[in-house]
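Here's the structure, in structure tokens; my notes come after.
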Amino acid sequence: MGKKEKQIEVETEEKPYNKFQWFLFAIVIPIVFALLLGLIVASVAGINVFQSLKDVGGKVPVISGMMDRDQDAAIDRYKEKVVTLQAEIKNNEVKISKLESMLDTKDKQINKSDLEKERLEQQITELKAVQNDNKKAYKDIIRTYESMAPKKSAPIIASLKEDEAVKLLSNLKPDTLAAILEKMDPAVAARLTQKLTVQNEKTDSGN
């Protein structure tokens, strides 16, 4: 191969590279530089380049249609999210309402139980007071019979119902009891003595 042929081959290989280089330096770089410079100038001037491009794109039918579709899709997604969130809020409100109702019912039951407890405690207190008063009154009756002469108390006790008479005689002192039984009709005294013996046996076996 001669020198002439080698020179032509080298020039042929270098031509595409030189064309690309020329395209890069002569067209691409100046355009990029111009765009950057324009963005800097616009930013300094207070112009929102991206918003302006969006407005311009909105006026172009194809771009505008694409933007509208994207906006509609985004709106639909947000609407679905809003509906879902509203449904969850409703469900939570229903749950809260049920829990509050249950709590209110339990509070009412507790209040009712407390009132019932107070009422029963009041009744117990009143019954104990009556019982204490009755015991005191009964003790007074016992003391009255013990202070009476056996001759006078014997006929009175004999005229009582047997259960009442036995209860009264069982609370008298032994010497007073003996004196009263002595002044009674022998048949009545024997009957009451028998019942007193049975009652004492029951009391002793219970202890």
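Partners of Asp107 under the salt bridge (Lys or Arg N to Asp or Glu O under 4.0 Å) rule, at least two apart in sequence or in another chain, do not exist in this structure. Listed by chain and number, the residues in a side-chain contact (heavy atoms from CB on, under 4.5 Å) with Leu115 are Glu118 (sequence neighbours excluded). Lys108 meets the salt bridge (Lys or Arg N to Asp or Glu O under 4.0 Å) test with Asp104; sequence neighbours excluded. Not counting sequence neighbours, Gln109 has no partner by the side chain to side chain donor-acceptor pair (under 3.5 Å) test. Take Glu80 and apply the side chain to side chain donor-acceptor pair (under 3.5 Å) test, not counting sequence neighbours, and it matches no residue. For Glu164, there are no side chain to side chain donor-acceptor pair (under 3.5 Å) partners at least two apart in sequence or on another chain. Thr197 pairs by the side-chain contact (heavy atoms from CB on, under 4.5 Å) definition with Thr193, Glu201, not counting sequence neighbours. The salt bridge (Lys or Arg N to Asp or Glu O under 4.0 Å) check on Asp140 picks up Arg143, with sequence neighbours excluded.
Judged as a salt bridge (Lys or Arg N to Asp or Glu O under 4.0 Å), the pairs with a partner in residues 166-192 (not counting sequence neighbours) are, in order, Glu162-Arg191. Counting only residues at least two apart or in different chains, side-chain hydrogen bond (donor to acceptor under 3.5 Å, both in side chains) contacts with residues 84-103 are absent.
Hydrophobic cluster of Leu177: the remaining members, joined at side-chain heavy-atom separations below 4.5 Å, are Tyr138, Ile141, Ile142, Tyr145, Met148, Ile156, Ile157, Leu160, Val166, Leu168, Leu169, Leu172, Ile180, Leu181, Met184, Val188, Leu192, Leu196, listed by chain and number.
Taking OG from Ser170 and NZ from Lys195, the interatomic distance works out to 13.0 Å, rounded to the nearest 0.5 Å.
Minimum heavy-atom separation, Pro150 to Pro155: O-CD, 4.4 Å.
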